[in-house]
Amino acid sequence: MNVVIIGAQWGDEGKGKIVDYLAHEAGIVVRFSGGANAGHTIVLAGERYALHLVPSGILYPDKMVVLGSGMVIDPEALFSELGDLVERGIDWEGRVLISDRAHIVLPRYKEVDKAEDARRRKPIGTTGRGIGVAYSMKASRDGIRLADLGDPDRLVNLEPEDRAFLDKWRGKLAPMIVDASAYLARHRNSWTLFEGAQGALLDIDTGTYPFVSSGMSCAAGAAAQGGIGPRHIDRILGVFKAYTTRVGNGPFPTEFDDDSPGSLSNYIRATGNEYGVTTGRPRRCGYLDLVALRYACRVNSLDRLVLTHIDVYDALPEFDACVAYKINKRLIEDFPASIKDLEEAEPVLKKFPGWQTPIDACASWEELPLRTREYIEFIEDFTETPVSIISVGSDRLKTIVKESPWIRS
Ligand code: IMP
C-alpha cells in the first residue's frame with residue numbers, strides 16, 4: 001500500500017512529525033522532492049531531530065528510506081546529516097538508498113543561488129542551498145545524475161573543482177545508489193510512505209510562482225519522482241497548520257500586519273516555535289487561509305487532511321480564519337494565479353471562539369473541547385475534506401488518529 005503525505009500550505013506544516021508517526025507501520029519511507037532546503041523536525045522522547053535530506057522514517061531502526069529521483073542531493077550535506085545521526089546513536093548503514101535518477105547539487109550552485117536571488121529586483125528569499133540552480137541544470141539537460149557519476153562522458157563539461165568534489169564522494173555514494181522504481185516494485189507488498197517536501201503552495205506549478213521552490217511538492221510528484229506509477233497511489237494526505245506561516249518572500253493574503261512585541265503574530269511565532277529549521281529565519285505568520293487550503297485539497301486530490309499546531313491556539317479567547325478574498329472590490333472564492341491579485345487580496349475573515357484550555361493531553365476526538373471540534377468541523381465542511389489526524393503537541397505521542405491511512409475504508 002502506498003500513502004503520500006504532502007504539505008498543504010507553504011511548507012513547515014509539521015510533515016516530519018506526521019511522517020515519523022505513520023512510519024511506525026510502514027516498511028519504506030521515500031522522499032520524492034527538494035533537497036537540503038527542507039527542514040523536517042521530529043521530537044522523540046524530548047529530543048529534537050532536524051532532518052534536511054534524509055527521509056523522516058530513519059529514526060526507526062528497521063525502516064528503509066529512499067531519496068527519490070525528484071531530489072537534488074548535496075553529498076556533503078547528506079553525509080554531514082548522516083554523521084550527526086550516528087553521533088546520536090542512529091545506525092543508518094544499509095538503510096539509506098538513493099535513486100540513480102536523482103541529481104547532484106555541486107558546491108558552487110549555492111553561491112550561484114545566492115547571487116541570482118540577490119540580483120532579482122524582488123528576491124524570492126531562497127534558502128541558499130543551490131536548489132533552484134540544480135533544478136535549472138536538470139531542466140537544461142546539464143545536470144549530473146547519480147547514475148552517471150562513474151561515466152566520464154557525462155562529466156566532460158565539468159570544471160576541475162567539480163570533478164574533485166565528485167571524486168571525494170563517489171565511493172561513499174556508490175553502495176547507496178539503486179534503481180528506486182525497480183526497488184519499490186520488488187517491495188510492492190511493503191507499506192510505503194511517500195514524503196513530500198515544502199508544500200503545495202511552494203510547488204513549481206501549483207504554487208505562488210515565482211515565489212516558490214523549484215521541485216514538485218504536489219502529490220503527483222510522489223508518482224513522477226518517487227518511483228511508482230500514478231495508479232499505485234492509494235491514499236493522499238495533506239498536512240496543514242491551524243494557522244498559516246511562510247518563510248521567504250511572496251504573497252501571503254492572511255499575513256498579520258502587526259509584528260510588534262506583544263502582537264498575535266509574535267505570540268504565534270514564539271508559541272509555535274516558528275523559525276526556519278534550515279535557515280533559522282523567523283517565519284511570517286497569519287490566520288488560516290481556507291481559500292488556499294481548499295485549492296490545495298483540489299489540486300492534490302487530498303483524501304484526508306492532517307491538522308497540526310492546533311494547541312498553539314489554546315490560550316486565545318478568539319481567532320479568525322479567511323473564507324474568501326476581496327480583490328478590487330470583488331469577492332473571490334478561488335485561489336488566484338496572479339501574484340498581483342494575491343498581493344492585493346484582502347482576507348474576508350470569520351471569527352471563532354477560543355477554547356482557552358490546554359489540549360495537549362487529549363488522546364481522542366471526544367476529549368477535545370467542543371470549540372476545537374467545531375473549528376475542525378468548519379474546516380472539513382469548507383474544504384470538503386475530512387481531517388483524519390490531529391497533532392496536539394510536538395512529541396510523536398501527542399497525536400489523535402481519527403482514521404489511519406493504512407486501513408482501507
Ligand atoms: P529554495 O527552495 O531554497 O529555492 O527557496 C525558494 C522558496 O521556498 C523560499 O521562499 C524558501 O523560503 C522556500 N522554502 C524552501 N524550502 C522550504 C521548506 O522546507 N519550508 C518552507 N519554505 C521553504
Side-chain angles (χ1 to χ4, degrees), residues 1-7 15-35 38 40 42 44 49 51-73 78 81-82 85-86 90-103 146-147 173-198 215-239 303-304 306 389 396 399 401 404-408:
M1 181 178 187
N2 294 315
V3 172
V4 175
I5 300 191
I6 58 149
K15 294 178 294 294
K17 170 189 161 161
I18 302 303
V19 172
D20 169 74
Y21 182 83
L22 293 174
H24 177 61
E25 302 205 59
I28 306 168
V29 180
V30 182
R31 221 331 260 279
F32 59 84
S33 72
H40 293 168
I42 300 163
L44 184 56
Y49 297 83
L51 300 171
H52 301 280
L53 279 159
V54 180
S56 301
I58 195 71
L59 301 188
Y60 293 92
D62 58 334
K63 311 294 175 201
M64 293 299 294
V65 302
V66 181
L67 283 75
S69 68
M71 288 191 71
V72 288
I73 297 163
L78 175 65
E81 199 172 320
L82 292 170
L85 288 174
V86 170
I90 291 161
D91 182 14
W92 61 268
E93 296 272 357
R95 295 198 294 123
V96 181
L97 304 176
I98 310 178
S99 165
D100 52 5
R101 291 177 169 85
H103 279 241
L146 275 287
L173 288 165
M176 301 155 85
I177 301 174
V178 293
D179 176 337
S181 94
Y183 175 83
L184 292 175
R186 275 199 302 280
H187 294 84
R188 62 170 68 83
N189 294 327
S190 286
W191 282 5
T192 303
L193 207 47
F194 290 81
E195 174 182 27
Q198 289 80 47
M216 282 182 89
S217 20
C218 59
Q225 306 195 325
I228 50 167
R231 247 203 303 266
H232 293 119
I233 296 176
D234 296 293
R235 268 284 159 100
I236 306 174
L237 306 185
V239 185
D303 294 300
R304 296 289 185 268
V306 175
I389 299 176
R396 190 189 271 173
T399 311
V401 180
S404 167
W406 296 120
I407 298 158
R408 286 170 200 269

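Fair warning: this is a prediction, and the values are worked out from it, not measured in the lab.
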- Task: Just do the side-chain contact (heavy atoms from CB on, under 4.5 Å) check on Thr399 and Lys17 with the steps written out, would you?
- Result: CA-CA 9 Å; Thr399 311; Lys17 170 189 161 161; 3.0 Å; yes

- Evaluate the side-chain proximity of Gln198 to Ile6: yes if any heavy-atom separation is below 4.5 Å, no if none is. no

- Task: Determine the minimum heavy-atom distance between Val4 and Ala222, stating which atoms define it.
- Result: CG2-CB, 3.5 Å

- Starting at CZ of Phe32, measure out to OG of Ser217 and round the result to the nearest 0.5 Å. 7.5 Å

- Taking the side chain as every heavy atom from C-beta outward, state whether Val54 and Trp92 have any atom pair closer than 4.5 Å. no

- Contact check, side chains of Leu193 and Lys63, non-hydrogen atoms, under 4.5 Å: no

- Message: Let me confirm one number: the CD1-CG distance from Ile73 to Leu173, rounded to the nearest 0.5 Å.
- Response: 8.0 Å

- Message: Under the rule for salt bridge (charged side-chain N to carboxylate O under 4.0 Å, His left out), what residues qualify as partners of Arg95, not counting sequence neighbours?
- Response: none

- Task: Nearest 0.5 Å please: distance from the NE2 atom of His52 over to the NE2 atom of His40.
- Result: 10.0 Å

- Query: If you look at every heavy atom in Asp234 and Asp303, which pair is closest and at what distance?
  - Reply: O-OD2, 4.2 Å

- Run the numbers on Arg31 and Met71 for side-chain contact (heavy atoms from CB on, under 4.5 Å), then give the verdict. CA-CA 8 Å; Arg31 221 331 260 279; Met71 288 191 71; 3.6 Å; yes

- Going through the checks in order, is the side-chain contact (heavy atoms from CB on, under 4.5 Å) test met by Val65 and Tyr60? CA-CA 10 Å; Val65 302; Tyr60 293 92; over 6 Å; no

- For Met64 and Gly94, the nearest pair of non-hydrogen atoms, with its separation, is CE-O, 3.4 Å

- Item | Test side-chain contact (heavy atoms from CB on, under 4.5 Å) applied to Val29 and Ile58, step by step | CA-CA 8 Å; Val29 180; Ile58 195 71; over 6 Å; no

- Query: How many angstroms lie between CG in Asn189 and NE2 in His187, if you round to the nearest 0.5 Å?
  - Reply: 10.0 Å

- Query: What are the two closest heavy atoms between Ala220 and Met216, and how far apart are they?
  - Reply: C-CE, 4.1 Å

- Taking atom CZ of Arg235 and atom CZ of Arg304, what is their separation to the nearest 0.5 Å? 5.0 Å

- Considering only heavy atoms from C-beta outward, does the side chain of Leu78 approach that of Leu67 to under 4.5 Å? yes

- With rounding to the nearest 0.5 Å, note down the distance linking OG in Ser69 to CG in Asp100. 8.5 Å

- Message: If I compare all heavy atoms of Val30 with all of Thr192, which pair ends up nearest, and what's the gap?
- Response: CG2-CG2, 3.7 Å

- Note on the structure: In short, Ser33 meets Gln225 closest at the heavy-atom pair CB-OE1, 4.0 Å

Could you pull out all donor-acceptor pairs under 3.5 Å where a side-chain atom in residues 18-28 meets a protein atom, sequence neighbours excluded?
{"unit_1": "Asp20", "atom_1": "OD1", "unit_2": "Arg396", "atom_2": "NH2", "d": "2.8"}
{"unit_1": "Asp20", "atom_1": "OD2", "unit_2": "Arg396", "atom_2": "NE", "d": "2.6"}
{"unit_1": "Asp20", "atom_1": "OD2", "unit_2": "Arg396", "atom_2": "NH2", "d": "3.4"}

